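Structure, as structure tokens:
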Amino acid sequence: MLRFVSHKVTSRVYSTTTRSHVGSTASSWTTVVSALARSGVIDALHAAVELLNDGDKPDDASSALVHLLRVSGNHGYVSLCRQLHGYVVKHGFVSETRLSNSLMRFYKKSDSLEDAHKLFDEMPEPDVISWNSLVSGYVQSGRFKEGLCLFLDLHRSDVVPNEFSFTAVLAACARLKISWLGACIHSKIVKLGMEKGNVVVGNCLIDMYGKCGSMDDAVLVFRHMEEKDTVSWNAIVASCSRNRKLELGLWFFHQMPNPDTVTYNELIDAFVKSEDFNSAFQILSCMPNPNSSSWNTILTGYVNSEQSREATLFFTKMHSYGVRLDEYSLSIVLAAIAALVVVPWGRVIHSCGLKLGLDSRVVVASALIDMYSKCGMLKQAELMFWTMPRKNLIAWNAMIYGYARNGDSTEAIKLFSQLKQERFLKPDGITFLNLLAVCSHCEVPMELTLGYFEMMVNEYGIKPRVEHCCSLIRAMARRGDIWQAKKVIQEFGFGFDGVAWRALLGACSAGKDLKAAKAVAGKIYVYIVMSNLYAYHEIWREVSQIRKIMREKGVEKEVGSSWIQEQNVAIQL
DNA sequence: GTAGGGTTAG
């Protein structure tokens, strides 16, 4: 027995007038389906549920059910959709690929990717659309590695990939900056002759190359495209500006036929990143349709350049100009407030979030956790965390960070163990950074600290970044193991990274170990700082000169490893 | 009227 309850009062009123109309003619599926396609959706759904309950099977069952699922899904009738799934199973329609695909669409849209995947696994014959749907589901929810792995599975299956298959996976390569795989996929696309005919594929390629730092390849793809749309232009402008070629980006921008809000927002972002706020303002005031993002980009710029006070002032300005505040506006300004440690302002934004109905959004809730814990209000942070309806990794990380920041290693470690029990979440590099940070600041046994580091590398396949090593170095140096810490730097190939040496030097000075500090500083520090400075100014000749001196003096040894090997580890193929 | 899958800003 299917039950359909439409909670909307307005639709009830509406249905009293039109129900009889549909009801009198809705004895057939044809009428219901055409009503679903046009208007009077609620009544059509009622009529359809009645028909199904009467045992009236539609002639073309899968078509009718696909329609039903699409409409009830779009209108947020989650319960009805789940019941329809039950109906599909009960009446043996699961082998209908189109029907299962549309069920997958519903689960994806209602953030139940796991259910979509389960359905996919149960399909006897998933087609290319089923595969694409799942791959894009993972990519769209930020689970890029899983998306990539699934794409590789598709490649090994009998199903032939099409244009749609490549777009989502290129987006994943872009976000993970795996240009070698992106380039492989590019050559596959060329081989299949899909490069020229499809604008979206071209757009994805431009974006992928741009995000992977290969601006020249992005330009090449752009120039060879037969047809270009606004997204193509936006992608090439962004590729240039992201790769420190703002001039070229602006040149493309001036050639562009119809710049839109995204284009202008890209430019604002580029100016803000080069801390040219005046140019950013100029664009904001001259652009045709500024939206929340346009303002948020400048707000983010202030926070990222550590101008938190300016950020809060700018936020006030947004408010007074009547800019629609969205979840990002709130989370960014909360970051600024957290840096300034002004609890009353944080509370104001919290109530602002409640009023706008944005407080349970993951970005806002995590920002609130972060703000409260940075202000030392751990109890408030905990309350936020445990009352969140859906907790993603960002929220967990924020809470672990909260404990870490307040020096509560016991709670941080306890929460980390709880995170490990979560079925659909996996700790990432940030989680371990927070965990290692708490280990380096508190009296956590060295064996445990090292255990976490090894767990990160071996169990979760996360490549240690220099920040992880810094925490490890600090933890070792706290115990006076300067030379072991030095070994860590060399072992992980951070010998050329000033940050690692600075961490060690800092640890030496904190431990008042003058002898060790002198040894570290005198031998290496100057070289590193100079090398980084030259690299920053792109004076590569000097960089290599310094590195040569370092090698000759036996100060450091360059660690060589295959780039492809590294990337393979990075995506856990 | 042919349903189910794709790209860009934070």
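It should be emphasised that the depicted structure is a prediction, and the values quoted were computed from it without experimental measurement.
In this structure, of dA9(B), dG6(B), dA3(B), it is dG6(B) that holds the atom nearest to the side chain of Val200(A). With dT7(B), dG10(B), dA9(B) as the choices, the nucleotide that has an atom nearest any side-chain atom of Gln140(A) turns out to be dT7(B). Checking dT7(B), dA3(B), dT8(B) against the side-chain heavy atoms of Glu266(A) singles out dT8(B) as nearest. Of the candidate nucleotides dG10(B), dG4(B), dT7(B), dT7(B) has the atom lying nearest to any side-chain atom of Asn203(A). Of all nucleotides listed (dG4(B), dA3(B), dT8(B)), dG4(B) comes nearest to the side chain of Asp127(A). Comparing dG6(B), dG10(B), dT8(B) by their nearest atom to the side chain of Lys211(A) picks out dT8(B).
Within residues 89-108 of chain A, the residues having any heavy atom closer than 4.0 Å to DNA chain B are, in order of number, Thr97(A), Arg98(A), Asn101(A), Arg105(A), Lys108(A).
Judged as a salt bridge (Lys or Arg N to Asp or Glu O under 4.0 Å), not a single pair has a partner in residues 331-340 of chain A (not counting sequence neighbours). Listed by first and then second residue, the ring pair (Phe, Tyr, Trp, His ring centres under 6.0 Å) pairs involving residues 221-245 of chain A are Phe222(A)-Trp233(A), Phe222(A)-Phe252(A) (not counting sequence neighbours).
Residue contacts for Asn198(A): at a heavy-atom cut-off of 4.0 Å it reaches a base atom on one of the strands shown. Here Thr300(A) lies in heavy-atom contact (under 4.0 Å) with sugar-phosphate atoms only. Residue Asp207(A) is classed as a sugar-phosphate contact, given heavy-atom separations below 4.0 Å to backbone atoms only. The residue Asp326(A) sits close to a base: some heavy atom pair falls under 4.0 Å. Among the protein residues, Val201(A) comes within range of the nucleic acid bases, having at least one heavy atom under 4.0 Å from a base atom.
A straight line from OH of Tyr264(A) to P of dG10(B) spans 18 Å, rounded to a whole angstrom. Taking atom CG of Asp269(A) as the reference point, atom C1' of dT8(B) lies 12 Å away to the nearest angstrom. Ile185(A) places its CD1 atom 14 Å from the C1' atom of dG6(B), with the value rounded to the nearest Å. Atom pair Arg175(A):CZ and dT7(B):C1' shows a separation of 12 Å (rounding to whole Å applied). In this structure, the CG atom of Leu267(A) is 13 Å from the C1' atom of dT8(B), given to the nearest Å. Per the geometry, CE belonging to Met208(A) stands 13 Å off P belonging to dT8(B), to the nearest Å. Here dA9(B) presents its C1' atom at 13 Å from CD1 of Ile298(A), a figure rounded to the nearest Å. If you measure from atom CE of Met287(A) to atom P of dG10(B), you get 14 Å, rounded to the nearest angstrom.
A salt bridge links Glu467(A) with Arg465(A): at least one charged nitrogen is closer than 4.0 Å to a carboxylate oxygen.
The two residues Ala280(A) and Phe271(A) have their closest heavy-atom pair at N-CB, 4.0 Å. Nearest heavy atoms, Gly210(A) versus Ala218(A): N-CB, 4.1 Å.
Looking only at side-chain heavy atoms (C-beta outward), Trp131(A) and Asp153(A) come within less than 4.5 Å of each other.
When each of Thr230(A), Asp229(A), Asn234(A) is tested with Asn203(A) by the rule side-chain hydrogen bond (donor to acceptor under 3.5 Å, both in side chains), just one qualifies, namely Asp229(A). In summary, of the residues considered (Asn392(A), Leu113(A), Asp111(A)), a side-chain contact (heavy atoms from CB on, under 4.5 Å) with Ser141(A) occurs for Leu113(A) alone.
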